[in-house]
Amino acid sequence: MVFQSYALYPHMTVRENLAFPLRMAKLAPLEIDTRVSATASLLQIDSLLHRKPRQLSGGQRQRVGIGRAIVREPKVFLFDEPLSNLDTELRAQMRVQIAKLHKQLGNTMIYATHDQIEAMTMATKIVLLKDGHIEQVGTSHDLYHNPSSRFVAGFIGSPKMNFLNGQIEAAHEGGMDVKLDAGRTVSVPVQPDQLLVGKPITLGIRPDDLSPPAAETAAIRFELDVDFVEHLGNVTYLYGSAGTNPMAARAPKPVPSGACKVRLAASPTDCHLFMSNGKALKRLRAPAKWS
C-alpha cells in the first residue's frame, strides 16, 4: 500500500526504509540488497539511498514510499491518494512516473483519488463512486462522452457540464423533442421513450461543445451574458448566464474581454438528456473514439 502520508521512518536512510519490510519477512541479506538496488534503479533514487527522509523533497519521499511497496513484489498495489501532499508541478511529474511504472511492472494498481485529472490521465478503467455506491465504470472517454447520470456528467470535466431544465414534448424514431424552459425546442438523438412525454428533463451541454453559430439550423442557439473571462493559456473559458441559466463556454476567437454578450450554439448530437432521477438517456450517436 502507498498512502497520502509518506510514512517513512525518519531515523532510517532511504536504503534502510526500502529494506525494512524485507527484513521483517526474514529474507536473506543478498536477496534484500538485490531487490533494494533494483527498486532504487527503477525509481531513479539510486543516489539518495544514503539520505534520510528529512533530506528529501516531497516527490523524492513519495518515490521512496512507492519503492517500499514495490520492493515486496506484490501482485496488487493500492494507492490511497498518494499525491495529495505534493504541489501542482510535482503532482504532474508523479502522475507520469506512476503511469510509466504501471507499464513497466504490469501489476494491477488500484488508485483511490478525488482528483479527476489523476483518474482520467492515469487509469485504464475508472470506477466512480458516490456515497459508497458505484455510479459508472468505464474508460476516461466513456465517463466524459457518455456519462450514465447527471452526477457523473457534473463531476467529470472542468468546467463541468452545463445543465438546462426542460420538458419532453415528443418521442420519435430520431430521438426526443425537448422544450427548454427558456423557450427553445430541440430534437436530441437519444433512445426514444413515449412514457417520458410531458415529463421534466434536464439537457446537458459541455462547455467545449459550445461554439459560434454556424449556418446549420438544427443547432441550439444561446446568447451568453459574460461576466467573467478565465484565461488558462492554451484555452479561455467564458462564465455567465443564458437567460436564467448559469453557463460556461469555451471562448471563441477573438476572445472577448470583460462583460459582454456572446452568441453561441451547440449541435443536438453533443447534447445529453437526464431524467428526474438523474439517469441519462442512451444516446443514438456515440462520439468518435479518441485516437
Q.
I want to check something: taking the side chain as every heavy atom from C-beta on, are Cys271 and Ile220 in contact at a cut-off of under 4.5 Å?
A. yes

(Q) Using every non-hydrogen atom in the two residues, find where Gln136 and Asn146 come nearest and quote the distance to one decimal. (A) NE2-O, 3.1 Å

Q) Between OG of Ser276 and CD1 of Ile201, what distance do you get to the nearest 0.5 Å? A) 7.5 Å

Q | Full working for side-chain contact (heavy atoms from CB on, under 4.5 Å) between Ile126 and Ser140 | A | CA-CA 7 Å; Ile126 298 173; Ser140 301; 3.7 Å; yes

Q.
Please determine whether the number of non-hydrogen atoms from other residues, nucleotides or ligands lying under 6.0 Å from atom CZ of Arg23 exceeds 12.
A. yes

Q: Check Ala171 against Met176 and note the closest heavy-atom contact, atom names and distance.
A: CB-SD, 3.5 Å

Q | Partner residues of His50 under the side-chain contact (heavy atoms from CB on, under 4.5 Å) criterion, sequence neighbours left out | A | none

Q. Judged by atom type as modelled, is there a donor-acceptor pair below 3.5 Å linking the side chain of Arg184 to the main-chain atoms of Lys179?
A. no

Q: Give the C-alpha distance, both sets of side-chain angles, the deciding distance and a yes or no for side-chain contact (heavy atoms from CB on, under 4.5 Å) between Phe20 and Leu18.
A: CA-CA 6 Å; Phe20 183 77; Leu18 293 176; over 6 Å; no

Q. Can you check side-chain contact (heavy atoms from CB on, under 4.5 Å) on Leu180 and Thr185, steps first, answer last?
A. CA-CA 6 Å; Leu180 300 176; Thr185 299; over 6 Å; no

(Q) Are there over 12 heavy-atom neighbours, none belonging to Leu232, within less than 6.0 Å of that residue's CG? (A) yes

Q: Take Val188 and Val186, measure what side-chain contact (heavy atoms from CB on, under 4.5 Å) needs, and give me the verdict at the end.
A: CA-CA 6 Å; Val188 182; Val186 60; 4.0 Å; yes

Q. Which residue pairs satisfy the ring-ring contact (aromatic ring centres under 6.0 Å, His included) criterion with at least one member in residues 82-124, sequence neighbours excluded?
A. Phe79-Tyr111

Q: Check Lys261 against Glu223 and note the closest heavy-atom contact, atom names and distance.
A: CD-OE1, 3.7 Å

Q) Is the backbone N or O of Leu43 less than 3.5 Å from a side-chain atom of Arg63, with the two atoms forming a donor-acceptor pair by type? A) yes

(Q) What I want to find out is whether Arg35 reaches Glu73 closely enough, with some N-O distance under 4.0 Å, to be called a salt bridge. (A) yes

Q: Please tell me if the side chains of Arg221 and Leu264 come closer than 4.5 Å, counting only heavy atoms from C-beta onward.
A: no

Q) Any luck finding a side-chain donor-acceptor pair between Glu118 and Thr113 under 3.5 Å? A) yes

Q: Starting at CG of Asp270, measure out to CG of Leu210 and round the result to the nearest 0.5 Å.
A: 9.0 Å

Q.
Side chains of Arg250 and Val235, heavy atoms from C-beta outward: is any pair under 4.5 Å?
A. yes

Q.
Check Arg91 with Asp115, please: is the shortest side-chain N to carboxylate O separation under 4.0 Å?
A. yes

Q | Intermediate values then yes/no, side chain to side chain donor-acceptor pair (under 3.5 Å), Tyr239 and Glu230 | A | CA-CA 8 Å; Tyr239 295 85; Glu230 181 183 54; 2.9 Å; yes

Q) At what distance, to the nearest 0.5 angstrom, does CD1 of Ile98 lie from CG of Leu83? A) 4.5 Å

Q) Are any of the side-chain heavy atoms of Ser267 and Asp209 separated by less than 4.5 Å? A) no

Q.
Between Arg61 (side chain only) and Tyr6 (backbone N and O only), is there a donor and an acceptor less than 3.5 Å apart?
A. no

Q) Have Asp142 and Thr139 got a donor and an acceptor in their side chains that come within less than 3.5 Å? A) yes

Q.
Please check if the number of heavy atoms outside Arg72 that lie under 6.0 Å from its CZ is greater than 12.
A. no

Q) Is Met122 reachable from Leu42 through a run of hydrophobic residues whose side-chain heavy atoms are each under 4.5 Å from the next? A) yes

Q | Any donor-acceptor N/O pair, Arg283 side chain to Thr269 backbone, under 3.5 Å | A | yes

Q: Identify the two heavy atoms, one from Pro252 and one from Val262, that lie closest to each other, and give their separation to 0.1 Å.
A: CG-CG1, 4.1 Å

**Q.** Arg68 side, atom CZ; Ile70 side, atom CD1 - distance, nearest 0.5 Å
**A.** 12.5 Å

Q) Hey, what do you get for CG (Leu48) to CD (Gln60), rounding to the nearest 0.5 Å? A) 5.0 Å

Q. Do the rings of Phe155 and Phe151 sit parallel, tilted or perpendicular, given the 30° and 60° boundaries?
A. parallel

Q.
Would you say that Lys125 contacts Val137 through its side chain, given a criterion of any heavy-atom pair below 4.5 Å between the two side chains?
A. yes

Q) Of the non-hydrogen atoms in Met161 and Pro147, which two are nearest, and what is the gap between them? A) CE-CG, 4.4 Å

Q.
So does Tyr9 get a backbone contact from the side chain of Asn17, meaning a donor-acceptor N/O pair under 3.5 Å?
A. yes

Q: Please examine the side chains of Phe222 and Met247, heavy atoms only from C-beta on, and report whether any two atoms are closer than 4.5 Å.
A: yes

Q | Cluster overlap Leu105 with Leu22, hydrophobic side-chain contacts below 4.5 Å | A | yes

Q.
Please check: side-chain N/O of Asn162 versus main-chain N/O of Ala248, any donor-acceptor pairing under 3.5 Å?
A. yes

Q) Do Pro268 and Ser187 have side-chain heavy atoms sitting under 4.5 Å apart? A) no

Q) Just by modelled atom types, is the Ala28 backbone N or O under 3.5 Å from a matching donor or acceptor in the Glu31 side chain? A) no

Q: Output yes when a side-chain donor or acceptor of His231 lies under 3.5 Å from a complementary backbone atom of Gly233, and no otherwise.
A: no

Q) Hey, what do you get for CE (Met109) to CD1 (Ile66), rounding to the nearest 0.5 Å? A) 8.0 Å

Q. So does Glu89 have more than 12 non-hydrogen atoms from other groups sitting under 6.0 Å from CD?
A. no

Q: Check Pro21 against Val71 and note the closest heavy-atom contact, atom names and distance.
A: CG-CG1, 4.1 Å

Q. Short question: side chain of Ser41, backbone of Ser37 - any donor-acceptor pair under 3.5 Å?
A. no

**Q.** Joint cluster assignment, Leu238 & Phe163, ILVMFWY side-chain distance < 4.5 Å
**A.** no

Q) Taking C-beta and beyond as the side chain, do Val64 and Leu56 meet within less than 4.5 Å on heavy atoms? A) yes

**Q.** Single-linkage hydrophobic cluster, 4.5 Å side-chain cutoff, Tyr237 and Phe228 together
**A.** yes

Q. Counting distance only, does the side-chain N/O of Gln62 pair as donor-acceptor with the main-chain N or O of Pro82 below 3.5 Å?
A. yes

Q | Single-linkage hydrophobic cluster Leu8~Phe77, side-chain heavy atoms < 4.5 angstrom | A | yes

